[in-house]
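First up is the structure itself, then whatever we jot down about it.
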Number of protein chains: 2
Amino acid sequence: MVDEVDGENVNQVVDQGKGVSDTPGYELPLLLFGAFRTLIDRLHARLAEEGHPDMRPAHGFAMQAVGAGGATASEIGRRLGVSKQAAGKTVDRLVALGYAERIDDTHDARRKLVRLTPHGHDALHRSAVVFDELRAEWVAALGGERVRDIENGLREVVPAETAFRLDATSWLGGA
Amino acid sequence: MVDEVDGENVNQVVDQGKGVSDTPGYELPLLLFGAFRTLIDRLHARLAEEGHPDMRPAHGFAMQAVGAGGATASEIGRRLGVSKQAAGKTVDRLVALGYAERIDDTHDARRKLVRLTPHGHDALHRSAVVFDELRAEWVAALGGERVRDIENGLREVVPAETAFRLDATSWLGGA
DNA sequence: TAGAATCGACAACATGGTTGACGAAGTCGA
DNA sequence: TCGACTTCGTCAACCATGTTGTCGATTCTA
């Protein structure tokens, strides 16, 4: 419980030789993004080997938004934090790639249910397996405790609703 | 040095109640991205308050690629990991926003040096300050030691040349 | 039953990428 | 010195993803 007394807190940057000075703040986002990016790159390298060469990060997020039970384009848009029009276009691409299909809703003629195809389910399942394997590599490199420390630290610092928001792709490019 | 003997290594997932089982691997990328995203969102909220309302994450990366001494569009493209044409378009936008300017090279008539304007330097300087402040907030929340542990852990797990690559923006959307 | 809300689609546009091609300019070897 | 590369910036066409606004069809609801 005693962890605020290690003599080098908040902004007591001493600036006497780099050994004492804190890590510059800009490294944190670069390390976080680099780690994220490495995981995603390796995931897609693996997926490409296993029958999903055309899958992109955006597709994974979109398929997660479709979910096991399917969803409408509007609902997918809400989950991804984009407009229903943008979601509709993304679904177009998923359909073109064979990851999803549209089915008329018999109860509501306005709606079209988007469902994952077996190919889509396969991609999602393989992704989960690969992510577990990648985490196991981290554990092999850092030890289980340090990986858990990283996860727990990040959980404390990122708002829960932010961590699991699916609108990952949209946000970098645009507004 | 003894950190591989804590009884729960690599894939000894026991699957007897979730307390013992490891965190699912897919959480790691979500936490990393959530943390990155939170930092970047907060940076740009601050920058918007301080005279840079139109600055986007992509602009920050591009300006970093321009650097203090300036660079040509081709060089910027190399640093960002995109084509020189894409870099040229990005520079167009930086120029339009007043963050950069193009200057003819007197020694090589093919080249046009891209340099940051004072407005651009201001944005970069403010970004560095804000990132330091955001890191200080993490230190206040987690303690200096845990933040350093996260940074060091990530450094071990992400290849050094990946962490500081500047082609962050390009990568999510496209191939 | 009339008005409001929702659904999917279309159109027009911005942004940020890609390739391919091109002329102008610099480099270098025979 | 001259010809063959190479490099630089730019243009054009295209793709992928977003945005707003509009629309007809349908469903919900007061």
Side-chain angles (χ1 to χ4, degrees), chain A residues 37 44 54-63 65-66 70-97 99-115 165-175, chain B residues 37 44 54-63 65-66 70-97 99-115 165-175:
Chain A
R37 177 208 176 106
H44 284 278
D54 295 322
M55 191 171 157
R56 299 279 165 261
H59 303 146
F61 280 98
M63 282 193 271
V66 173
T72 67
S74 293
E75 178 60 25
I76 294 167
R78 268 178 242 119
R79 291 181 192 168
L80 291 175
V82 301
S83 65
K84 60 181 180 175
Q85 294 92 331
K89 288 195 215 178
T90 301
V91 172
D92 286 344
R93 278 162 237 130
L94 289 181
V95 170
L97 289 169
Y99 287 119
E101 57 187 350
R102 284 192 175 93
I103 297 145
D104 287 332
D105 187 320
T106 49
H107 301 304
D108 185 339
R110 293 170 308 177
R111 307 172 85 231
K112 286 179 186 167
L113 191 65
V114 179
R115 267 196 333 204
R165 271 170 68 188
L166 291 171
D167 56 339
T169 20
S170 45
W171 99 204
L172 250 188
Chain B
R37 177 208 177 105
H44 284 278
D54 295 323
M55 191 172 156
R56 299 280 164 262
H59 303 147
F61 281 98
M63 281 192 271
V66 174
T72 66
S74 294
E75 178 59 24
I76 294 167
R78 269 178 243 118
R79 292 181 191 169
L80 291 175
V82 301
S83 64
K84 61 180 179 176
Q85 295 91 330
K89 287 198 217 176
T90 301
V91 171
D92 286 344
R93 280 164 231 129
L94 289 181
V95 170
L97 290 168
Y99 287 120
E101 57 188 350
R102 283 193 177 92
I103 297 144
D104 287 332
D105 187 320
T106 48
H107 301 303
D108 186 339
R110 296 169 306 174
R111 307 172 86 231
K112 286 179 187 169
L113 191 65
V114 179
R115 266 196 332 205
R165 271 170 68 187
L166 291 171
D167 55 340
T169 20
S170 45
W171 156 114
L172 252 188

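Every value quoted in this text rests on a predicted model; they were computed, and no experiment measured them. Proteins get letters first, then strands, A, B, ... in listed order; numbering begins at 1 in each.
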**Request:** Quick one: which residue pairs count as a salt bridge (charged side-chain N to carboxylate O under 4.0 Å, His left out) with a foot in residues 83-96 of chain B, not counting sequence neighbours?
**Result:** B:D92-B:R102

**Asked** What's the spacing between A:E101 CD and A:L113 CG if we round to 0.5 Å?
**Response** 9.0 Å

**Asked** Between atom CZ of A:R56 and atom NE2 of A:H44, what is the distance when rounded to the nearest 0.5 Å?
**Response** 8.0 Å

**Request:** Name all residues meeting the side chain to side chain contact (heavy atoms under 4.5 Å, CB included) criterion together with B:A73; count only those two or more places apart in sequence or in a different chain, and write none if there are none.
**Result:** none

**Complete:** Residue set satisfying side chain to side chain contact (heavy atoms under 4.5 Å, CB included) with A:L97, at least two apart, ordered chain then number -> A:D54, A:H59, A:Y99

**Item:** Pairwise side-chain contact, A:I76 with A:V114, heavy-atom cut-off 4.5 Å (strictly under)
**Value:** yes

Measure the distance from [atom1] on [X] to [atom2] on [N] and round it to the nearest whole Å.
X      : N      : atom1 : atom2 : answer
B:M55  : C:dT15 : CE    : P     : 16 Å
A:D54  : D:dC15 : CG    : P     : 15 Å
A:D92  : C:dA11 : CG    : P     : 13 Å
A:H59  : D:dC15 : NE2   : C1'   : 12 Å
B:R111 : C:dG26 : CZ    : P     : 11 Å
B:I103 : D:dC8  : CD1   : P     : 17 Å

**Request:** Output all residues satisfying salt bridge (Lys or Arg N to Asp or Glu O under 4.0 Å) with A:E75, sequence neighbours left out; order by chain, then residue number.
**Result:** A:R78, A:R79

**Request:** Please state whether the phosphate of D:dT17, meaning OP1 or OP2, lies under 4.0 angstrom from any side-chain nitrogen or oxygen of A:R93.
**Result:** yes

**Request:** State whether A:R56 places a side-chain N or O below 4.0 Å from either non-bridging phosphate oxygen (OP1 or OP2) of D:dA16.
**Result:** no

**Request:** Tell me which of B:L113 and A:T90 sits closer to the 5' end of DNA chain D, going by the nucleotide each one is nearest to.
**Result:** B:L113

**Asked** Between A:K89 and A:K112, which has a closest nucleotide on DNA chain C that is more 5'?
**Response** A:K112

**Item:** Proximity to DNA chain D (any heavy atom under 4.0 Å), residues of residues 71-78 of chain A only
**Value:** none

**Letter per nucleotide, 5' to 3', of nucleotides 20-30 of chain D [B base touched, S only sugar-phosphate touched, - untouched; heavy atoms, 4.0 Å]** = BBB--BBS---

**Prompt:** Which pair of non-hydrogen atoms, one from B:A62 and one from B:L80, has the smallest distance, and what is that distance?
**Reply:** CA-CD1, 4.2 Å

**Request:** Please list, chain by chain and in numerical order, all residues satisfying side chain to side chain donor-acceptor pair (under 3.5 Å) with B:D108, sequence neighbours excluded.
**Result:** B:R110

